[in-house]
Amino acid sequence: MSVQSPISSVNDFVVRFANVNGSGSASANEMFARSILRHGVPVSPRNVFPSNIQGLPTWYEVRVTEDGHLGARGGVDMMVAMNPQTWDKDIAAIEPGGYLFYDSTKPMPASKFRADITVIGVPLTAITNSTYTDPRQRQLFKNIIYLGAMCALLDMDPKLVEQLIGEQYKGKEKLLSSNIHALHLGRDWALQNLKCPIGLRVKKADKVGDRIFIEGNSAAALGAVYGGATVCAWYPITPSSSVADAFTSHCKKLRHDPVTGKAKYAIVQGEDELASIGIVIGASWNGARAFTATSGPGISLMTEFIGLSYFAEIPAVIMNVQRAGPSTGMPTRTQQCDVIACAYASHGDTKHVLLFPEDPAEAFEFAAQAFDLAERLQTTIFLMLDLDIGMNHRLSRPLKWDDARQYDRGKVMTAEMLDEPGRDFGRYLDVDGDGIPYRTYPGTHPTKGSFFTRGTSRNRYAIYSEEGPVYADNMQRLVRKFETAQDMVPRPLQANAAKPTKYGVIYFGSTAPAMDEAIGILESRGHQLDRLRIRAFPFHSSVASFIADHDFVYVVEQNRDAQLRSLIVNENGIDPVRLIPILHYDGTPITARFIAGAIGDHQDQLKVTPLRKVKS
């Protein structure tokens, strides 16, 4: 019996499913999350899975949050422990007063439980063995049976779950009826043998609104379609492969000629990452909008071609879905650890534009914008996603597009322009001081506007040169172009504390949901912070101004080496002492509790008045 009062909460708790990868649990677990959405209650699910195909542990965490917090909270209120391999670790993760749901078919010694949690046993294996004879059916329907039991325990409306099952198996009546039967097997057993509901309950609400439930990778791929991309060249790598898969799916719906049915796009799986970015650069040079999707190891392989894009000034878009490195690292864990690698990718002096979306909606918007930026700036643009945004479903504001929007192809000289009297075309000639030259597409004019594309040094007219002043002139123009980009990229968003404060916090990307929640926790502890969410590099001047306005600024990021902080120091000449790193890098998504704890502890230390030396 529990010696602590069980947690009691309505529409505000965390459930974690501990399963074996390849057991078919993913579908049932996602259905659990979606069914709570059908109750009008926001959820924030996260999938933690191994990098192999089958057999290792996997977890699926669902944060039920009527208040709409989309970041990971930390802690588990109810553990659905279906994996003997991780039993001890799973039991330890439960909050005091929390709940343990497990398969009680096989008796377990009391030493395997905790006295401060409520234990709920359901003989899942016994139920499936008495109902099904096929081993695979026993495994798959066990997942639906525990979903049914959870419905009873959490007071969920079974009709809403039946609705989801009906949608999933529409037209497959045998599967539909068998899944609904399994759902009620679990629910009926729980209602007849357990005290239902428990302290955690789902109550119908109207808090989801018009938001959509979508993965960041899919949203980014759709942004590429709307942004005019017609070429995707890629090589499979976790966690970015689903970008190309989603682009393929979206193109099949949106990029076929309605009359002829002909595909108006090309998707090429290269033999490796280097080939993929080479295809992208070649297609872009020829006038197409092209991109690749990859992760950290792919960026490492692509750097030589990225340098070519930078120096020869050819548009390209790279969607980098970051994972834990270095080397193979943890392929299925999240980090923000490629910031420096992408900002200065390739040998020599390079600087690249980075875009940092916070959620699927911005992933869609920034992906589309990346193609305009790539052509306006004639360079590689990095869309810096990560596994947390890319491979997890997130409640997001609806994706919007202005049908009147025109693609910005940048400074492209036409045949008519080339024929204008006195027109001087130099491929690397800066005619207006913004560092961006005019370019031409191949075949623009029969006798004018051609140039030799090369990765070697050349003068303003693309003529080969190894003269030092000529090289320096070109490199300085590239700096001017990068400075021009400051006012083209998405600007930082600032939110000030309710009261004047000497302290601020800078954050970016997938850290945003946890950061937003952490601010409320910190305020409850009496800490006031202004905050600035960086959305792009190069940094807008407001970043340096924000730092100058505060005594100390915390920089929250998900990597070991404080990469964003280092970039800020390097690019703005900031005294690093004034930037306090808050670093989370174990591969799990950063939580509001972690941020609030780290910043709060530092703030508490600042309030301590040191004792003066006692004079003898």
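Throughout, residue positions are numbered sequentially from 1 according to the sequence presented.
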Could you tell me whether [X] and [Y] have their ring centroids closer than 6.0 angstrom?
| X | Y | answer |
| --- | --- | --- |
| His352 | Tyr344 | no |
| Phe291 | Phe247 | yes |
| Phe366 | Phe356 | no |

Decide yes or no for [X] and [Y]: does some side-chain heavy atom of the first lie under 4.5 Å from some side-chain heavy atom of the second?
| X | Y | result |
| --- | --- | --- |
| His602 | Ile580 | yes |
| Asn217 | Leu385 | yes |
| Val80 | Met150 | yes |
| Val41 | Thr65 | no |
| Gln336 | Phe508 | yes |
| Asn320 | Ser295 | yes |
| Ile534 | Tyr507 | no |
| Phe213 | Leu37 | yes |

Look only at the side chain of [X] and the backbone of [Y], and say whether a donor-acceptor pair between them is shorter than 3.5 Å.
| X | Y | value |
| --- | --- | --- |
| Thr591 | Phe594 | yes |
| Gln335 | Asn559 | no |
| Arg333 | Arg323 | no |
| Ser309 | Phe305 | no |
| Asp206 | Gly40 | no |
| Asp338 | Cys342 | no |
| Thr334 | Pro589 | no |
| Asn570 | Ser566 | no |
| Thr332 | Phe49 | yes |
| Thr501 | Gln528 | yes |

From [X] [atom1] over to [Y] [atom2], what is the distance, rounded to the nearest 0.5 angstrom?
| X | Y | atom1 | atom2 | value |
| --- | --- | --- | --- | --- |
| Lys400 | Tyr226 | NZ | OH | 14.0 Å |
| Arg376 | Ile436 | CZ | CD1 | 7.0 Å |
| Ile340 | Asp561 | CD1 | CG | 9.0 Å |
| Leu377 | Met488 | CG | CE | 5.0 Å |
| Ile547 | Leu579 | CD1 | CG | 5.0 Å |

**Asked** Under 30°, 30 to 60°, or over 60°: which ring-plane class applies to Phe552 and Tyr503, parallel, tilted or perpendicular?
**Response**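 The rings of Phe552 and Tyr503 lie parallel, inter-plane angle below 30°.
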**Request:** Can you label the angle between the Phe537 ring and the Phe539 ring as parallel, tilted or perpendicular, going by 30° and 60°?
**Result:**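 Ring orientation of Phe537 relative to Phe539: perpendicular.
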Answer with yes or no whether the side chains of [Y] and [X] bring together a donor and an acceptor at under 3.5 Å.
| X | Y | value |
| --- | --- | --- |
| Glu66 | Asn11 | yes |
| Ser510 | Glu358 | no |
| Glu304 | Ser346 | no |
| Asn496 | Gln494 | yes |
| Trp59 | Asp90 | yes |
| Thr58 | Asn19 | no |

**Message:** Check this for me, if you would: do Glu61 and Arg16 make a salt bridge, where the nitrogen-to-carboxylate-oxygen distance has to be below 4.0 angstrom?
**Reply:**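 Judged by the 4.0 Å cut-off on N to carboxylate O distance, Glu61 and Arg16 do form a salt bridge.
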**Message:** Using the rule side-chain hydrogen bond (donor to acceptor under 3.5 Å, both in side chains), only one of Gln558, Arg533, His584 pairs with Thr511; which is it?
**Reply:**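 Per the side-chain hydrogen bond (donor to acceptor under 3.5 Å, both in side chains) rule, the option paired with Thr511 is Gln558, out of Gln558, Arg533, His584.
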**Asked** Does Thr588 have any side chain to side chain donor-acceptor pair (under 3.5 Å) partners at least two apart in sequence or in another chain, and if so, which?
**Response**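 Testing Thr588 for side chain to side chain donor-acceptor pair (under 3.5 Å), a comparison that skips the adjacent residues, returns Asp586.
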**Prompt:** Under the side chain to side chain donor-acceptor pair (under 3.5 Å) test, which residues partner Arg73, sequence neighbours left out?
**Reply:**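 Side chain to side chain donor-acceptor pair (under 3.5 Å) list for Arg73, sorted by chain: Asp77.
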**Request:** Find out whether the Lys NZ or Arg CZ of Arg289 is both under 6.0 angstrom from the six-membered ring centre of Tyr407 and within 45° of the ring's axis.
**Result:**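 That pair qualifies as a cation-pi contact.
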**Asked** Given the rule in the side-chain hydrogen bond (donor to acceptor under 3.5 Å, both in side chains) test, do His69 and Asp12 qualify, once you have shown the distances and angles that lead to the verdict?
**Response** CA-CA 10 Å; His69 298 303; Asp12 185 16; over 6 Å; no
**Request:** Test side-chain contact (heavy atoms from CB on, under 4.5 Å) on His550 and Lys502 and set out the steps.
**Result:** CA-CA 5 Å; His550 298 87; Lys502 299 181 293 182; 5.9 Å; no
**Message:** Tell me if the CG atom of Asp487 is crowded by more than 12 foreign heavy atoms within 6.0 Å.
**Reply:**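 More than 12 within 6.0 Å, yes.
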